[in-house]
Amino acid sequence: MRTLTIGNNEYIIEFSIEASLHKECIDTVTGLMTNVAMAKSKADIRALISAMSNVPQTALHMLHAGLLEHQPGLTIEKTKSILKEYMVERKGKEDGNYYSLMELLLEDMENDDFFEMIGLDKMFQTNSEEAEEMNKPKKPQDHKKKSSTKVTEK
């Protein structure tokens, strides 16, 4: 949980129940994280760059989801206004871009145990274990005794 001062207002950002129920946030964040985790080839990196072009929308939905816990009924249009004010105030500064805001919000998600709440940590753990199993070298089986099946007639 964090408090952001934007304009003359303080906004509490918390990634809890309300954020976990915000589909657009879940879709954009999981999509981005999946693309990052899977980027290994040049084609994958092109897909990652394509996903990165969606950073402004991702930052918007993340901010919206983070605000919902303490501002029930907040509309996406009001969040856009808050986001615009945030960007104008920070223009020319190191954190005055969508990517920096997204990094800040991802840090908050981690601190609020958001990824555990939605099960994303388990999904990556399962996928990682499956990938490890697939990448293990095959062990020769010629040391095992062959089983034979005989058919006996009566």
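Since the model is a prediction, treat every value here as computed from it, not as a measurement.
From Thr28, atom OG1 reaches atom NE2 of His22 across 7.5 Å, with rounding to the nearest 0.5 Å. The distance from atom CD of Glu116 to atom OG of Ser20, rounded to the nearest 0.5 Å, is 13.0 Å. Rounded to the nearest 0.5 angstrom, Arg90 CZ and Glu85 CD are separated by 9.5 Å.
Note on Met117 and Leu63: separate hydrophobic clusters, where clusters join Ile, Leu, Val, Met, Phe, Trp and Tyr whose side-chain heavy atoms are under 4.5 Å apart, directly or indirectly. Hydrophobic clustering, with ILVMFWY side chains joined whenever heavy atoms are under 4.5 angstrom apart, groups Tyr99 together with Ile82. Criterion: ILVMFWY side-chain heavy atoms under 4.5 Å apart, direct or through other members. Under it, Met62 and Leu74 are part of a common hydrophobic cluster.
For the pair Thr5/Asn9, no side-chain contact is recorded, criterion being any heavy-atom separation below 4.5 Å from C-beta on. Between Lys23 and Ile26, the closest side-chain pair of non-hydrogen atoms is not below 4.5 Å. Looking only at side-chain heavy atoms (C-beta outward), Leu4 and Leu104 come within less than 4.5 Å of each other. Side-chain contact between Tyr11 and His70 is absent, with no heavy atoms from C-beta onward closer than 4.5 Å. Taking 4.5 Å as the limit, some side-chain heavy atom of Leu106 sits within range of a side-chain heavy atom of Met109. Counting heavy atoms from C-beta on, the side chains of Gln57 and Glu24 never come closer than 4.5 Å.
Side chain of Ser100 to backbone of Gly96: no donor-acceptor contact under 3.5 angstrom is found. With Asp108 contributing its side chain and Met1 its backbone, the two residues share no donor-acceptor pair below 3.5 Å.
Looking at every heavy atom in both residues, Phe115 comes nearest to Glu110 through CE1-N, 3.8 Å. Heavy-atom minimum distance, Ile12 versus Leu67: O-CD2, 3.8 Å. The two residues Leu105 and Phe15 make their nearest non-hydrogen contact at O-CE1, 3.7 Å. When all heavy atoms are compared, the tightest approach of Ile76 to His64 is N-CE1, 3.5 Å. What you find for Gly66 and Ala19 is that their closest heavy atoms are N-CB, 4.5 Å. Here the closest non-hydrogen pair linking Tyr98 and Ala59 is O-CB, 3.9 Å.
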Residue pair Ile118, Val29: steps toward the side-chain contact (heavy atoms from CB on, under 4.5 Å) verdict: CA-CA 11 Å; Ile118 64 172; Val29 170; 6.0 Å; no
Kindly determine whether Ile13 and Thr3 satisfy side-chain contact (heavy atoms from CB on, under 4.5 Å), including the steps that lead there. CA-CA 6 Å; Ile13 308 290; Thr3 301; over 6 Å; no
Verdict with reasoning, Thr79 to Leu60, per side-chain contact (heavy atoms from CB on, under 4.5 Å): CA-CA 7 Å; Thr79 303; Leu60 170 66; 3.8 Å; yes
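Note on Arg2 versus Glu14: no salt bridge recorded, every NZ/NE/NH1/NH2 to OD/OE distance being 4.0 Å or above.
For Glu89, the CD atom counts as densely surrounded, since its 6.0 Å shell holds more than 12 non-hydrogen atoms of other residues, nucleotides or ligands.
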